[in-house]
Amino acid sequence: MTGPGGPGARNHAREGERDPNRPRIPLICPRCGHEQRVVPGGPERAVRVVHVATGREACEPGDLARAPDEGD
């Protein structure tokens, strides 16, 4: 049995690189809908997900998505 892409395909995930033939899928904040990115951690730092525009983990107060009213 062979993996995805056939027997001659390179396994980019195992080699630590992104497959150049696949488009980049943006991370979208579930609270405000803006794009986010992953900031790698280090030996003593955790990986963080920050907003692209601000570089902060927290959403901007004016950007928070409003949940629809239930029952209306």
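Start at 1 with the first residue, then count along the sequence. Note that these values count all heavy atoms, side chains included, but never hydrogens, waters or copies made by symmetry.
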- R37 side chain to G55 main-chain N or O, any donor-acceptor pair under 3.5 Å? no
- When every non-hydrogen atom of A58 is compared with those of H51, the smallest separation belongs to O-ND1, 3.5 Å
- Could you tell me which non-hydrogen atom of R31 sits nearest to which non-hydrogen atom of C59, and how far apart they are? CB-SG, 3.8 Å
- Linking I/L/V/M/F/W/Y whenever their side-chain heavy atoms sit closer than 4.5 Å, directly or via other members, would V47 and L27 fall into one cluster? yes
- First locate atom NE2 of H34, then atom SG of C29, and finally report the distance between them rounded to the nearest 0.5 Å. 8.5 Å
- Query: How is the hydrophobic cluster of V39 composed, in terms of its other members, when Ile, Leu, Val, Met, Phe, Trp and Tyr link through side-chain heavy atoms under 4.5 Å apart, directly or indirectly?
  - Reply: V50
- Item | R24: side chain to side chain donor-acceptor pair (under 3.5 Å) partners, not counting sequence neighbours | E35
- Please list, chain by chain and in numerical order, all residues satisfying side chain to side chain donor-acceptor pair (under 3.5 Å) with R56, sequence neighbours excluded. E60
